[in-house]
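Every chain is numbered from 1, with letters handed out A, B, ... down the list of sequences.
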Amino acid sequence: MPEQDERLERYDPTAFEPRWQARWEELGLHRTDLRDRSKPPYYLLTMWPYPSGDLHIGHWYVKTPTDAIARYKRAKGFNVFYPVGFDAFGLPAENAAIKRKIHPREWTVANMENMRRQLRSMGASFDWSSEVVTCDPAYFRWNQWIFLKFYERGVAYRKQAPVDWCPSCQVTLAREQVEGVDRICWRCSTPVTKRDLTQWFFKITDYAEELLSFDGLNWPEPVRTMQANWIGRSEGAEVDFAVAPAAHHPGGEALRVFTTRPDTLYGATFMVLAPEHPLVATITAPERRAAVDAYVEATKRKSEIDRLSATREKSGVDTGAFAVNPVNGERIPVWIADYVLAGYGTGAIMAVPAHDERDHAFAVRFGLPIRTVMAPAALTATPDAVPLPYDEKGDGAAIAVNSAAWEGAAWPASFEQAVAHLERTGAGARSITYRLRDWLISRQRYWGTPIPIIHCPACGPVGVPAEQLPVTLPDDVDFQPTGESPLKTATAWLNVPCPKCGGPGQRETDTMDTFVDSSWYWYRYLSPGNEHGPIDRDLVDAWCPVDQYTGGAEHAVMHLLYSRFFTKALRDLGLVGESEPFTRLFNQGQILGADGERMSKSRGNVQDPDELVGRHGADAVRLFLMFMGPWDQGGPWSSSGISGMVRFLGRVWTLALDPLGREPGDPRAGRLPEGQDAAAAEASIRRAAHRAISGVGADIEAFRFNTAVAKLMELANALFPYRGSPVAGGGAWNEAIAMLLSGLAPMAPHIAEEIHARLQAAAGIAGDDPRWRSIHARPWPAVDESLLAESTREIPVQVNGKLRDRLQVPAAATEPEIEALALALPKVLAALEGRAPKKVIHAGGRLINIVG
RNA sequence: GCCGGAGUGGCGGAAUGGCAGACGCAUCCGACUUAAAAUCGGCCGGUCGCAAGGCCGUGUGGGUUCGAGUCCCACCUUCGGCACCA
């Protein structure tokens, strides 16, 4: 057969995907001119990867749609900045070093190399010229610089405190890095313990109130809620009780408590201090000393898990001391118990057992008195055995009872009156408390940014002078974990003169939490080589805040909270102008293993993208990931279905490059559909194309990639019947093919470019022709709105809300016309069973419902 | 316990309060082929019926509405987050 030779070769992505990747880079297609002000800027950021060695399919799941956004926005006329880099410090590199005896740097560099190759194989349109790598001294010197600025302003400070410690990683953790009620390490899931250490902190609590505001931000509700809960704002009052004089103790000290319910002050029948409370040592009565000391000791030894154990059986001991309630002068006993936390509020509470479940349990256990101070408005007293819940609204609304100064007041007036009373008498004041703790950033590890401090016996901790930065990492260290930083073993590096007095000093040996590295990296992308400062303010003003950020919700109260804090702190240093880093955030879902579990090497359920790309091509994998379902949903991995993407791309290939071909097995091949002439066929083609491209644009804007792909499939399906027909290859056809390719280009960039290049070549424009242009440098097609409407409409006809028939009417048909036609339909008459219609509802010309 | 998300065919999923199941996978049927694969065309929620067509159907039970997968109330299941925070 002679046609055999002319037959189009099959779609084979491996033949051209790498070629286009190389060509795009050669053309500098994705390099952004940051000074170009001719187009509106669009800063698109995706969470940078940790160089663990291999990209898995989860990385692709985040980055593929993000890349489609980048490409789409370029086509829409934006100057898109889409950078990438590596979060290259961290424990896995150090663990690899311990296990395999290679330097963490070597391991990291090799992994980054592999991951760069993998990212390129996706066809991702990153601007590699702005790459940032955190383990590069050119980056981390600015961590140190910022740290010193924070230190100068008191944002960074050092204190001794009980801190969270992972016994497996042998490292301290920030509170945010301890997960769940089991209190496990975020990295290795080992239960965390407590250690009393002197460590560096960042004063994120100074920004607690500001961090609660998400004004002007388009962030997912769950993340905002999680951050708000994490910050945990409580409105209440601080109240000073006075320690009562006793034989062993003169008394008089203020015993300050925080309460959200000052209106229940008359119901305070005892007080409870955290065992760590400083007053415990002085106020304890001699005869109680032994029991109190034993309890304090036992608490210290108890792990956090035991202390918060599931049984929640209340424990505690009486100190023998008394305190005086400022509102009624009553003497009440002071106890200590571990259910009161030292780190929250003032570390002391007034117990109101009648109205608080925990206090109630404690009172019952130890036989302490219970006094009701709230009662339903209708009653004057309730049984003392049951705590009355704080029911502030509705039928159970309670009023204050046994509460002289605000007797009879209902919430929230009772609160206001109580606070006013306290402020008038000087016994207390309105107060707000947050659950947020300061960010512990010291890590007893090697592979991180050295904290630029020199400890001097005479001057204390002294910042390394800015001109001596960066403090780099010495290579002659012992990585074996000892619970202390490996940097302690680098004696030559360790001992340096004090910058202040010149006396013998020692470097700080802890390194910074790697979350510090990722708390400002998007600013550095704008000027990665800048040697004059961490941030180029002009570029930041032009490009920031980031327009769109994409990444996982697992960072809700870690990276995403730290980054907001950093932005505000950098703003207060005058380094940036804005208060928020990311205007719009999207959290994609998580791809699980085929077994529905989190992907991990130990489970053996990790999907390797290289293998998929080798078999199906990058475009098919990209499309498949976008087509799986809504992007924020994720789900278990299954590769069944990927063949459908290959099939679809094959159809696009055939449609575009062999429009006149016919399939031997197709019964209708070459003919126009029944009842259509060429003009009708072309109109139908144009309508399908314009509708598709209009829908695809709207879907990408709304991050509905699955339906965007479906619309392109619909267009291909609509065109296929015309292949080989008289209209194939005509004007309408070619316009439709161009739209199909443009719509596909953001999501499947290689095949779109390959077909586009072949079509240009067929038109006499080869790749070296100055007229040649990449499809990715072309504008998004303009949609002719007039083509979106059909010339005739199909109106569903319902009787009593049930579908009975459908009606074909001209697009311009009026409601009375439609109604007349509908009422004449035999099926409608049958459904009405002879009754006259009571009412007819026209749903905006889209549907008619006859009520009879 | 508290806060947030999700429950739709065999499967992934679609649907501004208006035709439930778009698009795809799998299965099945047909065409092309000596044959298979690939490709092309088609069936594809359940049920009754020869058919035309009817009835049922979006986790459960109520409600609002001419009309509910969609809104409201209660509940069940499931996935995340938080959890003695005074």
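Distance check, rounded to the nearest 0.5 Å: CG of A:L273 to CD1 of A:I349 gives 9.0 Å.
Taking only side-chain nitrogens and oxygens, A:T433 never comes nearer than 4.0 Å to OP1 or OP2 of B:A86. OP1 or OP2 of B:G53 has at least one side-chain nitrogen or oxygen of A:K827 nearer than 4.0 Å. A sub-4.0 Å separation between OP1 or OP2 of B:A86 and a side-chain N or O of A:Y339 is absent. OP1 or OP2 of B:C56 lies within a sub-4.0 Å distance of a side-chain N or O belonging to A:K802.
When side chains are defined from C-beta on, A:P220 counts as touching A:N587, because their heavy atoms get closer than 4.5 Å.
Pairing for B:C43 is absent, judged as Watson-Crick or G-U wobble with the two contacts each under 3.5 Å. With both pairing distances under 3.5 Å, B:U27 is matched to nothing as a Watson-Crick or G-U wobble pair. Pair assignment for B:G4 gives B:C79, based on Watson-Crick or G-U wobble hydrogen-bonding distances that are each under 3.5 Å. Pairing of B:A74, defined by two Watson-Crick or G-U wobble distances under 3.5 Å, is identified with B:U60. Nucleotide B:C50 is matched to nothing when pairs are restricted to Watson-Crick or G-U wobble geometry with both distances under 3.5 angstrom.
Taking A:L212 as the reference, A:E209, A:A228, A:I231, A:R233, A:Y434 meet the side-chain contact (heavy atoms from CB on, under 4.5 Å) condition, with sequence neighbours excluded. Every residue meeting the side chain to side chain donor-acceptor pair (under 3.5 Å) condition with A:E176, not counting sequence neighbours, appears here in chain and number order: A:W230, A:Y562. Partners of A:D438 under the salt bridge (charged side-chain N to carboxylate O under 4.0 Å, His left out) rule, at least two apart in sequence or in another chain, do not exist in this structure. Partners of A:R804 by salt bridge (charged side-chain N to carboxylate O under 4.0 Å, His left out), not counting sequence neighbours: none found.
Closest to the A:Q633 side chain, of the nucleotides B:C66, B:G81, B:G13, is B:G13. For A:R804, counting side-chain heavy atoms from C-beta on, the closest listed nucleotide (B:G54, B:G18, B:A83) is B:G54.
Looking at which nucleotide of RNA chain B each of A:T259 and A:R175 is closest to, the 5′-most match is held by A:R175. When the nearest nucleotides of RNA chain B are assigned to A:N229 and A:G347 by heavy-atom distance, the more 5′-ward of the two goes with A:N229.
Per the geometry, CZ belonging to A:R365 stands 18 Å off P belonging to B:C84, to the nearest Å. As a whole-Å value, the separation of A:Q590 CD from B:U78 C1' is 17 Å. One can place CG of A:L625 at 15 Å from C1' of B:G13, the figure rounded to the nearest angstrom. One interatomic measurement links the two molecules: CD of A:E179 to P of B:A83, which rounds to 11 Å at whole-angstrom precision.
Here B:G9 is in the syn range [glycosidic angle within 90° of 0].
At least one donor-acceptor pair under 3.5 Å links the side chain of A:D359 to the backbone N or O of A:V352.
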For nucleotides 20-39 of chain B, 5' to 3', base contacts (B), sugar-phosphate-only contacts (S) and non-contacts (-) with protein non-hydrogen atoms under 4.0 Å give --BBSSS----BS-----SS
Report, one line per pair, each donor and acceptor closer than 3.5 Å where one atom sits in a side chain of residues 700-708 of chain A; sequence neighbours left out.
unit_1: A:E701; atom_1: OE2; unit_2: A:Y72; atom_2: OH; d: 2.8
unit_1: A:R704; atom_1: NE; unit_2: A:D699; atom_2: OD1; d: 3.1
unit_1: A:R704; atom_1: NH2; unit_2: A:D699; atom_2: OD1; d: 3.0
unit_1: A:T707; atom_1: OG1; unit_2: A:D699; atom_2: OD2; d: 2.9
unit_1: A:T707; atom_1: OG1; unit_2: A:R704; atom_2: O; d: 3.2

